[in-house]
Amino acid sequence: MKALEGVRILDMTHVQSGPTCTQLLAWFGADVIKVERPGVGDATRGQLRDIPDVDSLYFTMLNHNKRSITLNTKSDTGKEIFTKLIETCDVMAENFAPGALDRMGFTWERIQEINPRMIYASVKGFGPGPYEDCKVYENVAQCTGGSASTTGFDDGPPLVTGAQIGDSGTGLNLALGIVTALYHREKSGRGQRVTCAMQDGVLNLCRVKMRDQQRLQHGPLKEYPQYPNGTFGDATPRSGNASGGGQPGWIVKCKGWENDPDAYIYVITQAAAFPALAKAMGREEWLEDPEWSTPEGRLPHLDQVFGEIEKWTMTKTKFEIMDILNPLNVPCGPILSMKELAEEWSLRDTGTVVEVDHPTRGKYLTVGNPIKLSDSPSEVQRSPLLGEHTDEILSEVLGYSTEEIAAAKDAGAV
Ligand code: COA
């Protein structure tokens, strides 16, 4: 039995943040019913298309293991069907622009009236405050949540990161909120409202930068590249590739960097492993010199330290460095390209990268469930076509007869 078997989710999510949440819950075994506008569907079905008239990878990679029903929740018959779905589902998840469901007539108060056990989970860009009505996409959240101001190099502009921390990151928060509320419902018998703001989600992931904001009041941040020669302002600055923890690290070039944009490796000069690193590099003399042998001695000239390390790493490939340093307990990480990750056999073996077959697209690669449960393994099933399960859901979940389904279609509700 899958961990969330028996949990039914009314999935009103679209684009990325909400769909990542309900996809995770579907992988854990929940029955996720994705509600989409008739004829249109989730906007991502048509965005960034690589094959004409075929659901985009954007959509297929975010909506596995779900069923799709088309439903116009603004029409009278659509509202009737939607109300019945609220009655029968455990969770409703949505990430529309603020107020969209209220405008359809489905406020939290109304939802509680229909089904007091309903858990109503939403992603919004911002929590209550001056920006609560704003529409928000990934990069807006990265910029307003503290990520962009702290990412990049000191002499360059703020940068967004490729990791979708605002969307997929907040989707994770929402999923945790939902399963926590389900657990709570076991005891209380009642549903509750779960809200996750993308700004909050990004700020949560930037916790160490808020830490540094306060450390700054007590002196320069010695692990930042601005120390000791640069200047610090009154806010946490961008720290390039410096490590966010107490052990200095940096990205250094490896053999082939001139032609390969990913021929780099991250090396962390963890204090305990530094002697082994120095020996591997043939720099035993460092161990006799306190400016090199001690963490405090190295801090004021970390650029020089990593400059010397780089001279050595440039003589080897990133994988050779990985093979040399890991047995010495020197933490390091080759910069892996998406191509390398897509081809990595160990990720295929664990189901983190999965090949999926789709009726109109054919085979494609996706990222599977990153959370592994021993008793509830995830099988990745293709995303649904638009409205593929409309009839099935109306008859199986709501008990509609063939005539009633035909009438709903005639009314333009599904
Ligand atoms: N039947 C009828 N109407 C439907 C419907 C359905 N099944 N599904 C959606 N709609 C309507 C909505 O009610 C809304 O109508 P309204 O404007 O009259 O209230 C309309 O479709 C569009 O929804 P909206 O959310 O405003 O879409 P958008 O494309 O303009 O904005 C976002 C997209 C992502 C910016 C916005 O939804 C948002 O800010 N969401 C919250 C934050 C978030 O999750 N952002 C990350 C997305 S990856």
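For ligands, and for the atoms within them, numbers begin at 1 and follow the listed sequence. All values below come from the heavy atoms of this structure, side chains included, with hydrogens, waters and symmetry mates left out. On a predicted model such as this, the values are computed, not experimentally measured, just so you know. Counting from 1, the numbers follow the sequence of the chain as shown.
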> Ignoring hydrogens and angles, tell me if any N or O in the side chain of Ser75 forms a donor-acceptor pair with the backbone of Asn72 under 3.5 Å.
yes

> To which protein heavy atom is atom 3 (N) of ligand 1 closest, and what is the distance rounded to 0.1 Å?
Arg37 CD, 3.7 Å

> Under 3.5 Å, side chain of Asn241 to main-chain N/O of Trp250, donor-acceptor pair present?
no

> Which of the atoms in ligand 1, numbered in the order shown and given with their element, are less than 4.0 Å from a heavy-atom of Val15?
47 (C), 48 (S)

> Under 4.0 Å from ligand 1, counting heavy atoms only, is it the side chain of Arg103, its backbone, both or neither?
side chain

> Can you label the angle between the Tyr364 ring and the His358 ring as parallel, tilted or perpendicular, going by 30° and 60°?
perpendicular

> For atom 40 (N) of ligand 1, what's the nearest protein heavy-atom neighbour? Residue, atom name and distance, please.
Asn95 O, 2.9 Å

> To which of Phe126, Tyr137, Phe96, Phe106 does the heavy atom nearest atom 33 (C) of ligand 1 belong?
Tyr137

> Report the part of Met104 in contact with ligand 1, treating N, CA, C, O as backbone and CB onward as side chain, heavy atoms under 4.0 Å; options are side chain, backbone, both, neither.
side chain

> Check each heavy atom of Glu138 against ligand 1 and say whether those closer than 4.0 Å belong to the side chain, the backbone, both or neither.
neither

> Short N/O distance, under 3.5 Å, between Lys124 and ligand 1?
no

> Is it true that the side chains of Ser239 and Lys209 contain a donor and an acceptor less than 3.5 Å apart?
yes

> What I'd like to find out is whether the side chain of Leu394 reaches to under 4.5 Å of the side chain of Glu404, using heavy atoms alone.
no

> Between Glu310 and Val252, is there a donor-acceptor pair closer than 3.5 Å when you use the side chain of the first and the backbone of the second?
no

> Going by side-chain hydrogen bond (donor to acceptor under 3.5 Å, both in side chains), Asn63 matches just one of Lys34, Gln23, Arg45. Which one?
Lys34

> Is ligand 1 under 4.0 Å from a heavy atom in the side chain of Leu101, in the backbone, in both, or in neither?
neither

> Within the 4.0 Å heavy-atom shell around Val123, which atoms of ligand 1 are there?
41 (C), 44 (O)

> For atom 36 (C) of ligand 1, what's the nearest protein heavy-atom neighbour? Residue, atom name and distance, please.
Ala97 N, 3.6 Å

> Pair Gln164, Gln16 - check side-chain hydrogen bond (donor to acceptor under 3.5 Å, both in side chains), show working.
CA-CA 9 Å; Gln164 305 286 282; Gln16 184 179 167; 3.3 Å; yes

> Quick one: nearest non-hydrogen protein atom to atom 26 (O) of ligand 1, plus distance?
Lys135 NZ, 3.1 Å

> Check Val356 against Thr366 and note the closest heavy-atom contact, atom names and distance.
CG2-CG2, 3.6 Å

> Please report which non-hydrogen protein atom sits nearest to atom 7 (N) of ligand 1, along with the residue it belongs to and the distance in Å to one decimal place.
Leu71 O, 2.9 Å

> If you take the nearest heavy atom of each of His14, Lys34, Lys74, Gln16, which one is closest to atom 14 (C) of ligand 1?
Lys74

> Between the candidates Thr44, Asp167, Val136, which shows the shortest non-hydrogen contact distance to atom 45 (N) of ligand 1?
Val136

> Show the atoms of ligand 1 that are less than 4.0 angstrom away from any heavy atom in Asn72.
1 (N), 2 (C)

> Between Arg190 and Gln192, does a side chain to side chain contact (heavy atoms under 4.5 Å, CB included) hold up when you go through it step by step?
CA-CA 7 Å; Arg190 290 190 59 78; Gln192 62 184 299; over 6 Å; no

